[in-house]
There are 2 protein chains.
Amino acid sequence: MSTDGARLDTLDLALLRALTEHPRAGALELSRRLGVARGTVQARLQRLEDTGVVTGYGPDVDLTAAGFGVQAFVTLEIAQGALGDLTAELAAMPGVLEAHATTGSGDVLCRVAARSHGDLQQTLLQLGRSASVVRSTSVVALSELVPLRTLPLLTSEGGPPARAPGHRGG
Amino acid sequence: MSTDGARLDTLDLALLRALTEHPRAGALELSRRLGVARGTVQARLQRLEDTGVVTGYGPDVDLTAAGFGVQAFVTLEIAQGALGDLTAELAAMPGVLEAHATTGSGDVLCRVAARSHGDLQQTLLQLGRSASVVRSTSVVALSELVPLRTLPLLTSEGGPPARAPGHRGG
DNA sequence: CCGCTACTGTGCAGATCGATCAGTTGTGAC
DNA sequence: GTCACAACTGATCGATCTGCACAGTAGCGG
């Protein structure tokens with residue numbers, strides 16, 4: 001297996017962390033916070049975006065606060081060769097937050113959100129009516145134990161030390 | 001059920017959409033894009049953050065690009081009353097991206113990521129070793145059918161028309 | 001030893017930010 | 001009908017940040 005992932009060194013990780021904690025901070029503030037030059041922050045950030053590690057900075061919407069307090073995880077068993085059709089169907093349904101093809105005989109796991117249990121059932125029924133779906137099982141999310149996060153994983157390995165420090169001040 | 005969610009009108013939705021498509025845009029550029037005054041954008045954005053609808057602007061990290069190309073969904077059946085302990089354990093494991101308590105007799109659904117199948121198995125084994133876990137089932141994600149998104153859901157209802165337009169220029 | 005790359009610190013012109021003000025308009029209360 | 005209120009507009013101000021360029025320093029490999 002080739003290492004397709006761009007290796008993130010300590011500075012990259014620190015940059016991501018700082019950016020997570022202060023999302024609206026500009027390059028100058030980040031550079032101050034990290035103790036490096038502004039140009040370095042800009043270059044690193046540019047590289048992270050170029051390599052596809054950082055795909056965006058979209059606003060994180062709290063669906064509960066927005067009025068969509070009901071979420072569910074649905075496992076779909078789909079008909080042979082219907083993956084393409086189903087993908088299009090899922091993408092067209094606003095209530096479907098995300099969907100993944102998984103191991104198992106044609107299984108798809110998707111996450112669904114709705115404003116109420118009634119609305120959720122509507123979406124679930126619509127899913128079940130699909131010609132591509134053979135069987136479906138759903139569980140309702142009751143509480144969020146661990147909110148979505150990626151930094152702990154990235155940090156866990158303690159990346160390689162930063163590059164040549166170069167001109168060390170003075 | 002009370003409508004705890006802050007109602008988002010057309011302008012709020014347009015703002016979120018513009019912000020999603022141009023995440024690094026400042027208030028001025030957003031105002032130009034939406035055709036409203038800069039102060040309005042700032043006020044709306046402030047309100048969205050105050051009401052908790054927008055919780056942050058953290059950088060979206062593509063785990064595959066970062067070298068963590070293996071993801072799995074794990075269903076844990078847990079022992080009675082062990083939810084608290086398990087939550088702490090899950091939070092302490094970097095490989096656990098998120099976790100939700102779900103319907104079913106003490107079930108928890110969590111998403112796990114790893115650098116390779118071997119690493120994934122390590123995490124899975126660690127989960128199984130937990131005293132709080134009675135049984136565990138895991139499916140590996142093969143491909144992402146629908147990437148995570150929230151805007152379609154928010155937009156689907158076509159929020160109420162914007163507020164009093166006020167001074168209409170001229 | 002030399003070339004390459006990465007980082008540092010600085011400077012400048014232009015753009016943006018945050019705060020504030022008066023003016024206009026729709027809404028709901030009285 | 002009239003009034004106060006809330007929301008949006010358009011504008012200004014100083015302070016700050018951005019994008020870009022430059023020369024200098026330090027580690028790495030040939």
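In what follows, every chain begins at residue 1, and chains take the letters A, B, ... in the order their sequences are listed.
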On the ring face of B:Phe68, is B:Arg115 found with NZ or CZ under 6.0 Å from the centre and within 45° of the axis? yes
Taking any heavy-atom pair under 4.0 Å as a contact, classify B:Arg32: base, sugar-phosphate, or nothing. sugar-phosphate
For A:Gln121, does the CD atom have more than 12 heavy-atom neighbours from other residues, nucleotides or ligands under 6.0 Å away? no
With a 4.5 Å cut-off on side-chain heavy atoms, are A:Ser130 and A:Leu86 touching? yes
Which whole-number value in Å describes the distance from B:Gln46 CD to C:dA19 P? 8 Å
For the CD atom on A:Glu77, are there more than 12 heavy atoms of other groups (residues, nucleotides or ligands in this structure) within a distance under 6.0 Å? yes
Rounded to whole Å, how long is the line connecting atom CD of A:Gln42 with atom C1' of C:dA6? 15 Å
For the side chain of B:Arg38, starting at C-beta, report the closest nucleotide among C:dG9, D:dC20, C:dC17. C:dC17
Test side chain to side chain contact (heavy atoms under 4.5 Å, CB included) on A:His100 and B:Ser143; report intermediate values, then the result. CA-CA 6 Å; A:His100 297 262; B:Ser143 68; over 6 Å; no
Nearest whole angstrom, please: distance from the C1' of C:dT16 to the CD of A:Glu29. 15 Å
Once you round it to whole Å, what is the distance between P of C:dA6 and CG of A:Leu48? 14 Å
Measuring from the side chain of A:Leu28 (C-beta onward, heavy atoms only), which nucleotide among D:dT18, C:dT8, D:dT9 has the closest atom? D:dT18
Distance-only donor-acceptor test, B:Arg24 side-chain atoms vs D:dG19 base atoms, 3.5 Å: no
CZ of A:Arg44 versus C1' of C:dA6: gap in Å, rounded? 8 Å
May I have the distance from B:Leu45 (atom CG) to D:dC8 (atom C1'), rounded to whole angstrom? 16 Å
A:Leu11 CG to C:dA6 C1', straight-line distance once rounded to whole Å: 11 Å
What contact category does B:Ala43 fall into here, base, sugar-phosphate, or nothing, at under 4.0 angstrom with non-hydrogen atoms? nothing
From CG of A:Asp9 over to C1' of D:dG27, roughly how many Å is that when rounded to an integer? 15 Å
Below the 4.0 Å mark, does D:dA7 have OP1 or OP2 next to a side-chain nitrogen or oxygen of B:Thr40? no
